[in-house]
Number of protein chains: 2
Amino acid sequence: MELDSRKLQILRAIVDEYILSASPVGSKSLSQNSKWSSATIRNEMADLETLGYLAQPHTSAGRIPSEKAYRLYVDQMMQHAHLSDDESKLLYGYFREHVHGVDAVLRETAKALSEITHYTAVVMMPDIGVNRLRHLQLIPLTTGKALAVVVTDAGVSQNTVIDVPADIGSEELDRISKSITARFQDCRMSTVSSSLVRELGGELSRRADFVESLLSALCNGQTRDRRMVELSGATNMLEYPEYSDVNKAKTFLATVEQKDDMYRMLKKASNMEFTVTIGSENEQEGFQDCSVVTASYRVNGTPVGSFGVIGPTRMDYARVLSILKNVQNNLSTVLQSFLKEE
Amino acid sequence: MELDSRKLQILRAIVDEYILSASPVGSKSLSQNSKWSSATIRNEMADLETLGYLAQPHTSAGRIPSEKAYRLYVDQMMQHAHLSDDESKLLYGYFREHVHGVDAVLRETAKALSEITHYTAVVMMPDIGVNRLRHLQLIPLTTGKALAVVVTDAGVSQNTVIDVPADIGSEELDRISKSITARFQDCRMSTVSSSLVRELGGELSRRADFVESLLSALCNGQTRDRRMVELSGATNMLEYPEYSDVNKAKTFLATVEQKDDMYRMLKKASNMEFTVTIGSENEQEGFQDCSVVTASYRVNGTPVGSFGVIGPTRMDYARVLSILKNVQNNLSTVLQSFLKEE
DNA sequence: GATTAGCACTCGAACAAACGGAGTGCTAAA
DNA sequence: TTTAGCACTCCGTTTGTTCGAGTGCTAATC
């Protein structure tokens, strides 16, 4: 059965109202701002309920939208929100001020998102694999240890502490750094593979074992690191009546702090321009009453990561989506500015 | 008026009991495991209340310890807790496994503390000022930008993105790195001051302006960074009845996430071997119902930072203190291992 | 004189009954 | 097809009521 125009209008009104109030919407209050009487609306509501778009917490309560309703709302009914000038200026300000490298920008992005939406924001650090090597520098720490710093066209990766043979000196580390940089410059990080090492002559091949383990550490190093997801505003959720129960809040916070899971979620979403995942569509246990809206970001045209907003299922999808779109633009501009001489 | 032995014993029993149960302690339940009758205990309790060691939530309730009582308890009455072998092995395990640099160790410390105590843990990254420069490396990023990586005898600092004159090339950055490293090797970071730059000849003095701004960026860079405090287990507090109210929880979480404040708190505490700060003795608004217990850690004999546990005022002080002591030992051993060749 | 048994009293937590209101479904009239 | 009207439902809140753990005080006991 198709939804006729009136049903759609009523459903939208219910969703809009519920997003604002978080409490079940009744026919009487709806009929105030509507051309239909409460009785008509009641009848339609009953239909919408049997069709699975509405649910009733208990017999004599109003209706609340089901996930199916949100899905329909997001896919077809939502009006595009328009950010006010103030808001987009505010948003722009976050990116204007803190431009000390990719990491800082993405941290700032998370902060901006959570502060402006009042929901929780997660930002995935760019996937290093698709980026091209600019510079590798090994820095001696102590005997047997060195710090490997990798610069790519997308900025700086986390640096990694690696083991080095005890007999390697500061100068040799320097020479190895230069050789590798020269050899792999502008290669994608994912292709910086140890298989090529033995082809190289001279010092590098003498240190083949070391260099191999070094390169594999660089490629995999990132996954070991827990800081690949920037989280902000987790406690914003405590504002919402959905989380007035401490246990629910705790479950949510625990979920959102599983950086591995968050990373997997965002990584998956980075292929898509935007995604909206509602309630039980989420894989995470703790997000069954949440929706996640994500957007991807690109560097040099390649999608390298994504960021998103997590809120209650009754989140203001229209507003969140336009904010994400805005941030997406700002972000690609700023990231591009790190690559001027490309 | 001095507290006689019986008053002390009763007070200690009340504190011990309240730490466990979080609910007011009555005379009857106390008299179960005591040589005195409930009436006697009642009389003593009345005295202790007028002396300010106990408080009564309402007329016909038991008594709860005041901050004054906790203070006395911590200073004089507390029995030293003894960690079980299992526990100290568990604790040791945290340090055994993750030794990829100072940062990682301190992150692991925070995690270990929060998981073992079930309270919230904060760890301050070491204060770089007192450490000695080992190595400085400037790595070209894009035209006009470079990454400065500083290695000290305590390990790696955060790296900083800096502006460089547009006409500086990769090789020149390298030479400048080497010059500065040579000149300031083994100087305390706080004394790496730009005043000395002009004394130097050659390339360095030609680039005097740049080098000056570089060095000041290095000394101050750390304070700009928000990651100087590692936080773990903030949501542990939601377990305790003190925080079953979402608003209280929110206030606490907001406070603990003020990394600047946490840093200031820990920095102040790093001069002391241990500190115990109870309830309103805390400066932070949000810690009026909390206690903070800290310990300092040293590198090469110099205290460079501190770490602590934040819990409700009725925290298990004895246990926390022995855990902190244990961690303090582990930590200095591990940090020392980064400085082998000293 | 110190301790304790006994007693009347207090107050909160927990449970139950009563009430009001917002909402519903259904029926019959417009 | 829409809507006014009505009986009904059920939640949230308020109002009692009871129960129990606790208290202070007094008088008896050690």
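All chains are named by letter (A, B, ...) in the order of the sequence lines, taking the proteins before the strands, and each is independently numbered beginning at 1.
- The minimum heavy-atom distance linking A:Ser27 with A:Ser38 is given by the pair CB-O, 3.6 Å.
- Think of the region where chain B sits on DNA chain C: with heavy atoms and a 4.0 Å cut, that region ends 5' and 3' at C:dT3 to C:dG12.
- In this structure, B:Ala39 and A:Glu49 both approach DNA chain C, and ranking their closest nucleotides by distance from the 5' end singles out B:Ala39.
- Listed for the A:Ser114 side chain is no donor-acceptor partner under 3.5 Å among the backbone atoms of A:Ala121.
- Taking 4.0 Å as the cut-off between side-chain N and carboxylate O, B:Arg63 and B:Glu44 do not count as a salt-bridged pair.
- For D:dT9, its base sits under 3.5 Å from the side chain of A:Ser60 at one donor and acceptor pair at least.
- If you check residues 9-38 of chain A against DNA chain C, the residues with a heavy atom closer than 4.0 Å are A:Gly26, A:Ser27, A:Lys28, listed by number.
- Between the NE2 atom of B:His58 and the C1' atom of D:dG22 there is a distance of 9 Å, given to the nearest Å.
- Distance, A:Gln56 CD to D:dT9 C1': 10 Å, rounded to whole Å.
- Of all heavy-atom pairs between B:Ile310 and B:Met265, the closest is CD1-CE, 4.5 Å.
- Following rounding to the nearest Å, B:Arg42 (CZ) and D:dA21 (P) show an atom-to-atom distance of 14 Å.
- In this structure, A:Leu83 and A:Arg319 approach most closely via the heavy-atom pair CD2-NH1, 4.3 Å.
- Residue-to-nucleotide proximity on DNA chain C shows that, of B:Thr59 and B:Thr40, the 5′-proximal contact is made by B:Thr40.
- A donor-acceptor pair under 3.5 Å is absent between the side-chain atoms of A:Tyr119 and the main chain of A:Glu115, judged by distance alone.
- Scored by the salt bridge (charged side-chain N to carboxylate O under 4.0 Å, His left out) test, B:Asp261 finds B:Arg264 as partners (sequence neighbours excluded).
- A:Asn282 places no side-chain N or O within 3.5 Å of a backbone atom of A:Gln284 that could act as its donor or acceptor partner.
- In this structure, CG of B:Asn43 is placed 12 Å from P of D:dT26, rounded to the nearest angstrom.
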